[in-house]
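Protein chains get the first letters and strands the later ones, always in sequence-line order, with residue 1 at the start of each.
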Amino acid sequence: MSEPTKEQKIWQVVALIPPGSVASYGQVADMAGLGRQARFVGRALGKLPSGHSIPWYRVIRSSGQIAFPQGSEAYETQVFRLREEGVEVLNGRVSMKRFQWRP
DNA sequence: ACTTTGACGGCGT
DNA sequence: TACGCCGCCAAAG
């Protein structure tokens, strides 16, 4: 085994987000030591291997918006899982004020 | 080696 | 509050 890849670091950080809270792509990038690589976080989550247990749905935009287009399957899944943990989602958005993860 | 892409962010209008 | 524009930068093609 060698050094963890950047993608693995990202997954590692996402796995730390506790149930009932959310984090932005930018916040995850920063915590993974990737600076302003918010966009890379999205790409990395898209590559999650099947069978994983990474809470990808706890990652949203800094604005509180769900990153997928409303109505898409991924969007519906994300909203469902968030509500399941007690996170309120109204019109595709979460109140960062109330649910953002603060390490 | 070069160009395009992307589950973003921040600021201005 | 809601768009649009531009900046970011590693990975894909």
Colleague: Suppose we call a contact any N or O donor and acceptor under 3.5 Å apart; does that hold for the side chain of Arg39(A) and the base of dG7(C)?
Modeller: yes
Colleague: Taking any strand in view, what nucleotide pairs with dG13(C) in a Watson-Crick or G-U wobble way, both distances under 3.5 Å?
Modeller: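 Base-paired to dC2(B).
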Colleague: Looking at dG7(C), I'd like to know if its phosphate oxygens (OP1 or OP2) sit under 4.0 Å from a side-chain N or O belonging to Arg36(A).
Modeller: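 No, because none of the side-chain N or O atoms of Arg36(A) sits under 4.0 Å from OP1 or OP2 of dG7(C).
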Colleague: Could you tell me which non-hydrogen atom of Glu7(A) sits nearest to which non-hydrogen atom of Ala44(A), and how far apart they are?
Modeller: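 Scanning both residues completely, I find the closest heavy atoms to be CG-CB, 4.0 Å.
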Colleague: Round to a whole Å and report the spacing from CG of Leu90(A) to P of dT1(C).
Modeller: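 Result: 14 Å.
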Colleague: Whole-Å distance between dG6(B) C1' and Leu34(A) CG?
Modeller: 15 Å
Colleague: Which one, dA11(C), dC8(B), dA2(C), comes nearest to the side chain of Arg43(A)?
Modeller: dA11(C)
Colleague: Once you round it to whole Å, what is the distance between C1' of dC8(B) and CD of Gln100(A)?
Modeller: 14 Å
Colleague: Nearest whole angstrom, please: distance from the P of dA11(C) to the CD of Gln8(A).
Modeller: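 After rounding, the reported distance stands at 12 Å.
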Colleague: To the nearest angstrom, how far is Arg61(A) atom CZ from dC8(C) atom P?
Modeller: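 Atom CZ in Arg61(A) sits about 20 Å away from atom P in dC8(C).
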Colleague: Among dA11(C), dA2(C), dC8(B), which nucleotide has an atom closest to any side-chain atom of Phe40(A)?
Modeller: dA11(C)
Colleague: Over all heavy atoms of both residues, which pair between Ile17(A) and Arg58(A) is shortest? Give the atoms and the distance, please.
Modeller: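 In terms of heavy atoms, the two residues are closest at O-NH1, 2.7 Å.
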Colleague: When we call it a touch if two heavy atoms are under 4.0 Å apart, what does Ser63(A) touch: a base, just sugar-phosphate, or nothing?
Modeller: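 No contact.
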Colleague: Send over the distance from Lys6(A) NZ to dG6(B) P, rounded to a whole Å.
Modeller: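 Rounding to the nearest Å, NZ of Lys6(A) and P of dG6(B) are 20 Å apart.
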Colleague: Using atom CZ of Phe68(A) as one end and atom C1' of dG6(B) as the other, report the distance to the nearest whole Å.
Modeller: 12 Å
Colleague: In this structure, how many angstroms lie between the P atom of dC9(C) and the CD atom of Glu7(A), rounded?
Modeller: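 About 18 Å, once rounded to whole Å.
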Colleague: Below 4.0 angstrom from OP1 or OP2 of dC8(B), is there any side-chain N or O of Ser62(A)?
Modeller: no
Colleague: Does any donor atom in the side chain of Tyr25(A) or Gln37(A) lie under 3.5 Å from an acceptor atom in the other side chain?
Modeller: no
Colleague: Heavy atoms only: give me the nearest Ala29(A)-Ala38(A) pair and the separation to one decimal.
Modeller: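 Heavy atoms only, the tightest pair is CB-N, 3.8 Å.
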Colleague: Would you compute the distance between atom OG1 of Thr5(A) and atom CD1 of Ile10(A) and round it to the nearest 0.5 angstrom?
Modeller: 8.0 Å
Colleague: Nearest of dG9(B), dA2(C), dA10(C) to any side-chain atom of Ala38(A)?
Modeller: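 When the side chain of Ala38(A) is considered, dG9(B) is the closest of dG9(B), dA2(C), dA10(C).
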